[in-house]
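Reminder, nothing fancy here: chain letters follow the sequence lines and each chain counts from 1. Owing to the predicted nature of the structure, the values given are computational and were not obtained by experimental measurement.
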Amino acid sequence: MIVRVLPEGTIDKEFDYAVPDGWEDRVRVGTMVRVALHGRRVGAWVTAVDVDPRPDIELRPLAKITGWGPPEDLVELARWAAWRWAGRPAAFLRTASPPGAVRALPERPCPAEASPPVGDPLVADALSRPRAVLRLPPGADRYPLVLAAATAPDGDALILCPSVVEAQRLAGRLARAGQPVACVAHDKPGVAAAGEWARAAAGGVTVIGARAGAWAPLPDLGRVVVLDEHDERYQAEQAPTWHARDVACERAGRAGRPCLLVSPCPTLEALEWGELVQPSRGEERRGWPPLEVVDRRHDDPTKGGLFSERLVDLVRGPGRVVCVVNRIGRARLLACATCGAIGRCEVCGASVEQLEIGVLRCRRCGTERPVVCSVCGSTRFRNLRIGVTRAREELEALVGEPVGEVTGTSDAGDPGTRVVVGTEAVLHRVASADAVAFLDIDQELTAARYRAPEQALALLALGARVVRGREEHGRLMVQTRQPDNVVIEAALHADPGRVAAVEAPLREALGLPPYQALALVSGPAAPELIERLGSPLGLRVDGPADGVWRLVAPSHQHLCDALAAVERPAGRLRIELDPLSV
DNA sequence: CGGACAAGCTGA
DNA sequence: CAGCTTGTCCGG
């Protein structure tokens with residue numbers, strides 16, 4: 001027998017090898033092997049079996065069978081993803097492969113007993129549709145939905161969560177309920193990750209995972225559920241910038257299986273893809289906490305800083321309070337206290353920030369200088385935009401007790417303080433609180449990213465989840481100079497559809513995703529790629545701006561076909577499909 | 001990817 | 001022209 005293999009790494013070419021006698025039944029599409037290539041041994045995936053021999057080449061034998069690899073449907077899916085995100089199939093096959101060698105699959109567990117009927121009619125409705133988007137408010141418990149999906153007949157469910165921690169928590173809960181479950185995650189600490197992959201590959205288990213879980217092996221895929229589909233952690237930040245939600249949807253579609261996207265604030269991408277299933281107004285309102293909007297339009301921006309009177313009352317007051325400022329450091333924008341000039345870099349003119357005491361640092365070029373006004377020489381500055389570090393200091397002074405600080409880079413140790421301030425990361429770390437306050441939500445509302453309104457609503461929904469729904473008496477507070485902003489109104493009325501209703505026509509008019517396909521091309525080899533690309537029909541090439549070209553096309557079909565048609569030039573190249581900001 | 005080999009550059 | 005770097009090609 002002759003097989004075709006694709007080597008690991010960046011060799012984007014397939015090679016044929018002979019299968020030694022007696023190995024035939026251990027080799028199938030997806031099997032991981034080692035082969036001699038150009039005097040070296042490299043790992044590879046079998047991509048085709050029973051290949052016709054070529055008379056011109058003397059074939060070498062496979063050197064070794066490493067073990068089980070992605071099943072055939074995922075090898076096909078990897079080819080699709082390579083097209084869809086302009087990457088190499090090997091990158092996706094790596095994600096779809098076990099984190100260590102899998103020699104044998106474990107026994108398939110005995111099937112669990114017959115599934116109980118789904119109690120919640122909303123969940124039953126959502127699970128009964130082939131492509132549904134379920135808008136579930138932040139306070140709603142998703143476990144009944146997960147259990148219903150896990151116990152549904154017709155195959156094993158695949159359930160995705162935005163983070164490995166959430167996936168593990170959910171898998172643990174299902175396992176304790178007696179459900180056979182495998183938690184597939186590549187960066188899962190400690191536990192035998194290859195073992196979990198093997199249990200998934202054996203079948204008969206519900207598979208739960210984070211982003212890479214979209215590539216978990218399931219021999220008998222039933223339904224696919226993506227929880228918090230709006231979460232940006234589903235998208236890989238390195239190229240290829242694939243999105244686990246989109247992979248999951250494509251995978252379910254290819255297998256002819258139902259797929260359900262769940263979110264308190266579904267993205268426009270999700271709404272374009274499937275039918276929206278929403279709770280009654282009353283049910284959705286119960287799932288959002290009341291929102292206290294502190295209108296700061298008439299507050300003097302130079303007085304009180306980030307802390308309005310109502311906010312001071314909140315933090316002084318009983319219960320656990322989480323404050324969110326999505327900025328690290330001490331000061332991200334400063335003005336001279338004497339002459340009022342904005343602190344600027346003397347080299348490039350960009351605004352300077354103060355991350356630590358005594359040093360001003362340029363946000364663009366990184367030049368540092370002492371805290372002296374370059375216009376009038378004064379050494380006193382006003383902090384126009386304070387960050388988490390400074391906010392913590394000021395909060396401590398206000399409440400007269402220690403205040404915790406949590407940012408994405410701070411160590412995981414929980415600050416056991418009553419009041420905690422942090423960036424968005426604090427909402428992922430703190431399990432529950434009596435109140436969540438967004439000190440400067442305007443920063444999110446006015447951010448120069450086209451998804452800013454969706455992201456701001458997602459942030460509010462995350463805060464809402466930490467304090468739970470209306471019946472839990474949690475409090476959600478925002479301080480804003482834009483109390484009429486549709487994002488604030490959506491959270492206030494527990495009606496996320498308001499944001500979509502405003503954003504959809506706007507994005508359509510501006511030619512932004514999901515109504516047009518976008519890609520950014522950068523890196524030393526980018527000019528060569530742009531040159532080779534030419535100007536195919538339907539593709540617009542803008543730029544370069546700061547060395548980045550922007551490709552726009554009416555659909556992914558147009559854009560990805562155009563990219564697939566050109567040969568990738570040598571050298572470093574980053575092709576970012578569906579960028580989160582442009 | 002990484003080894004092989006060719007082409008280009010340098011210094012005596 | 002040896003000795004070195006840089007670039008391109010190719011593998012089964």
Got a list of protein N/O to nucleotides 4-7 of chain B N/O distances below 3.5 Å?
none

If you apply the rule salt bridge (Lys or Arg N to Asp or Glu O under 4.0 Å), what do you find for Arg94(A) with Glu8(A), and how did you get there?
CA-CA 8 Å; Arg94(A) 171 104 313 273; Glu8(A) 288 178 343; 3.1 Å; yes
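- Salt-bridge check for Asp154(A) with Arg257(A): failed, with every basic side-chain N at 4.0 Å or more from each acidic carboxylate O.
- Taking the charged nitrogens against the carboxylate oxygens, Arg451(A) and Glu269(A) do have a contact shorter than 4.0 Å, which makes a salt bridge.
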Determine all donor-acceptor pairs shorter than 3.5 Å in which one atom belongs to a side chain in residues 14-25 of chain A; sequence neighbours excluded.
unit_1   : atom_1 : unit_2   : atom_2 : d
Glu14(A) : OE1    : Thr47(A) : OG1    : 2.7
Glu14(A) : OE2    : Arg79(A) : NH1    : 3.1
Asp16(A) : OD1    : Arg4(A)  : NE     : 2.7
Asp16(A) : OD2    : Arg4(A)  : NH2    : 3.2
Tyr17(A) : OH     : Ala36(A) : O      : 2.7
Glu24(A) : OE1    : Gly22(A) : N      : 2.9

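- Salt-bridge check for Glu237(A) with Arg211(A): passed, with a basic side-chain N closer than 4.0 Å to an acidic carboxylate O.
- Within a 6.0 Å sphere centred on CD of Glu368(A), heavy atoms belonging to other residues, nucleotides or ligands number more than 12.
- Between Arg233(A) and Glu166(A) a salt bridge is recorded (basic side-chain N to carboxylate O distance below 4.0 Å).
- Enclosure of atom CG in Leu537(A) is not indicated, since only 12 or fewer non-hydrogen atoms of other residues, nucleotides or ligands lie within 6.0 angstrom.
- Helical stems in DNA chain C, defined as runs of 3 or more consecutive Watson-Crick or G-U wobble pairs with donor-acceptor distances under 3.5 Å: B:1-11 with C:1-11.
- For the pair Asp246(A) and Arg84(A), the salt-bridge criterion is met [side-chain N within less than 4.0 Å of a carboxylate O].
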For the pair Asp231(A) and Arg245(A), evaluate salt bridge (Lys or Arg N to Asp or Glu O under 4.0 Å) and give the outcome as yes or no after the intermediate values.
CA-CA 10 Å; Asp231(A) 199 300; Arg245(A) 173 200 60 215; over 6 Å; no
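- A heavy-atom distance below 4.0 Å to DNA chain B is reached by none of the residues of residues 77-89 of chain A.
- Tested against Glu454(A) for a side-chain hydrogen bond (donor to acceptor under 3.5 Å, both in side chains), the candidates Arg507(A), His230(A), Arg449(A) yield a single pass: Arg507(A).
- Using a 4.0 Å cut-off between charged nitrogen and carboxylate oxygen, Arg540(A) and Asp542(A) count as a salt-bridge pair.
- In 5' to 3' order, the nucleotides of DNA chain C bounding all contacts with chain A (an atom under 4.0 Å from a heavy atom) are dC10(C) to dG12(C).
- For Arg254(A), the CZ atom sits in a packed shell: over 12 heavy atoms of surrounding residues, nucleotides or ligands are nearer than 6.0 Å.
- Using a 4.0 Å heavy-atom criterion, one finds that Arg4(A) contacts no nucleic acid atom at all.
- Under the 30°/60° scheme for interplanar angles, the aromatic rings of Trp242(A) and Phe92(A) are found to stand perpendicular.
- Note on Arg60(A): only backbone sugar-phosphate atoms sit closer than 4.0 angstrom, heavy atoms only; bases stay farther off.
- At a threshold of 4.0 Å, the pair Arg199(A)-Glu196(A) counts as salt-bridged, since one of the basic side-chain nitrogens sits closer than that to a carboxylate oxygen.
- At a non-hydrogen distance threshold of 4.0 Å, Thr10(A), Ile11(A) from residues 9-36 of chain A come into contact with DNA chain B.
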